Amino acid sequence: VPAAIFMADDFLLLAKGWSLWNIQRNVPPNALEIKVTAYQWYFEFDYGNGVTDTDLMVPVGKPVVLRMTSADVIHSFGLNEYRLKEDIMPGRITHIWFYPDKPLESKVVCVEFCGNSHSEMFSTVKAVPPADFEAWLAKNRKKTANLPAAADVASAEPAQTRQ
């Protein structure tokens, strides 16, 4: 009888865990997608249209999916406030999604030892009202629009000749 009770409890926990895993793997269709690249020893967040930052800014009330990869070694993306963690590996794209339901400032940390400065690998996560997020995005788009394109910079440099 005790073994049956113990096994029943394990099966219940397995079923609960499986259902939570399925929920976490199904990204809502209207989610904001942000690309994350992990480097030794920082995260870079790419919002598209040339907008990148080392801090994560997200709108409240909209699901956010992070498509993640690593440029160097294995990292692990830990959103402690949202109780989420996902490994980030070179050559592979992993994802995690979350729903910021209130304005909040928290941290994302690397929870996989990735080298000497691993303990300094963290970024700020800011969940802000949608209007503030759109204003921030527009401001950063303007900044990147004013920068010269890489091709323009290369053509403006004087050509060096070999002697």
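Because the structure is predicted, anything quoted here is derived from the model rather than measured.
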side-chain hydrogen bond (donor to acceptor under 3.5 Å, both in side chains) pairs touching residues 30-45, sequence neighbours excluded, are none
Check the surroundings of atom CD in E81: do more than 12 heavy atoms from other residues, nucleotides or ligands lie under 6.0 Å from it? no
Above 12 or not: heavy atoms from other molecules or residues under 6.0 Å from CG of N116? no
Do [X] and [Y] belong to the same hydrophobic cluster, where Ile, Leu, Val, Met, Phe, Trp and Tyr are linked whenever their side-chain heavy atoms lie under 4.5 Å apart, directly or via other members?
X	Y	value
V108	L104	yes
V64	L84	yes
I34	L137	yes

N/O donor-acceptor pairs under 3.5 Å from side chains in residues 124-134, not counting sequence neighbours:
from: T124; atom 1: OG1; to: K107; atom 2: NZ; distance (Å): 3.0

Atom [atom1] in [X], atom [atom2] in [Y]: separation rounded to 0.5 Å?
X	Y	atom1	atom2	answer
T69	I93	OG1	CD1	6.0 Å
S106	L79	OG	CG	6.5 Å
L56	F77	CG	CZ	5.5 Å

Side chain to side chain, [X] and [Y], heavy atoms closer than 4.5 Å:
X	Y	result
V109	M121	no
P59	L32	yes
S70	H75	yes
I88	F43	yes
F45	M57	no
H95	L66	no
W136	V51	yes

Do you know which two heavy atoms are closest between A38 and D72, and how far apart they sit? O-OD1, 4.0 Å
Which heavy-atom pair separates M89 from T94 by the least distance, and what is that distance? CE-CG2, 3.9 Å
Using a distance-only test with no angle check, is there a side-chain donor-acceptor pair under 3.5 angstrom linking D87 and S76? yes
Give the ring-plane orientation class for F98 versus Y82, where under 30° counts as parallel, over 60° as perpendicular and anything between as tilted. tilted
With E86 via side-chain hydrogen bond (donor to acceptor under 3.5 Å, both in side chains) - residues at least two apart: R25
